[in-house]
Trainee: 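This is the structure I want to talk about, given as structure tokens.
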Amino acid sequence: MSYAVKECFLTLQGEGVQAGSRAVFLRFAGCNLWSGREQDRASAQCTFCDTDFVGTDGDGGGKFADAEALADAVAAAWGEGTDRRLVVITGGEPMLQLDATAVDALHRRGFRVAVESNGTLPAIHGIDWLCISPKAGTEVVQRSGDELKLVWPQHGVDPAELERWDFAHHLVQPMDCDAREQAVEAAIALAMERPKWRLSLQAHKVVGLA
Ligand code: SF4
């Protein structure tokens, strides 16, 4: 199987429980909830995306012929050293492309494999850290994992319902939008009202990392 990758680069994880960790970001092209074209945004299932996942023209992006080539690119992005190798696989929606062969190839190169998904497709086995970020109005089939990241506010999402899903960590993250101040206030309010939720900030944007 071949893989279409928007970008692949070394950075620090900016969000969630593993924020601050050195990681290779592997961003697959394509999403099942939005085409990525601005003219389609209003009618998309997910309307608040802050990510360019279209095409393969980003830093380290391209078409990779097989899992070995993909894993070699991730290892090259990490560079020297085998200690605490971490790859964060995101998108777009990574479960459109990620398969067990790719996960195995990354494991053989010493990587822990973290995945960030919208949860509308079932996650494959073998993932070491699974983060699900549900979107209002979509059918989330993947209701277990390590980290549930709720971008907030989202009309039509009930935090009490999400608390019943099987995740070790529940994080609420202010939506990156024009009404950012209100979103921060709403996220703080949720974490204050419902102690299961912890506030997560996008540290990479604060400090200017990709
Ligand atoms: S599901 Fe994620 S990648 Fe897809 S459009 Fe929404 S925010 Fe963007």
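As the structure lists them, so they are numbered: ligands from 1, and atoms in each ligand from 1. Side chains are part of it too, since the values below use all heavy atoms of this structure and drop only hydrogens, waters and symmetry mates.
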Trainee: Restricting to under 2.8 Å, identify the protein N, O or S atoms around atom 4 (Fe) of ligand 1 as residue plus atom.
Mentor: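 Those protein N, O or S atoms (cut-off: under 2.8 Å from atom 4 (Fe) of ligand 1) are Cys31 SG.
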Trainee: Whether the Ser117 and Glu93 side chains hold a donor-acceptor pair (N or O, under 3.5 Å, no angle test) is what I'd like checked.
Mentor: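 A donor-acceptor contact under 3.5 Å links the two side chains.
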Trainee: Which residue pairs satisfy the ring pair (Phe, Tyr, Trp, His ring centres under 6.0 Å) criterion with at least one member in residues 121-145, sequence neighbours excluded?
Mentor: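 Sorted result for residues 121-145: Trp129-His169.
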Trainee: Counting only heavy atoms not in Asp178 (residues, nucleotides, ligands), do more than 12 fall under 6.0 Å from its CG?
Mentor: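 It does not: Asp178 CG has 12 such atoms or fewer within range.
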Trainee: Locate the shortest heavy-atom distance separating Ala105 from Ala67; write the atom from each residue and the value.
Mentor: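 Closest approach of Ala105 to Ala67: CB-O, 3.8 Å.
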Trainee: With ring pair (Phe, Tyr, Trp, His ring centres under 6.0 Å) as the rule and sequence neighbours excluded, what pairs involving residues 39-74 come up?
Mentor: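 Ring pair (Phe, Tyr, Trp, His ring centres under 6.0 Å) check on residues 39-74 returns Trp34-Phe53.
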Trainee: Of all residues at least two apart in sequence or in a different chain, which pass the salt bridge (charged side-chain N to carboxylate O under 4.0 Å, His left out) check with Arg198?
Mentor: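 Partners of Arg198 by the salt bridge (charged side-chain N to carboxylate O under 4.0 Å, His left out) criterion come out as none, since no residue qualifies.
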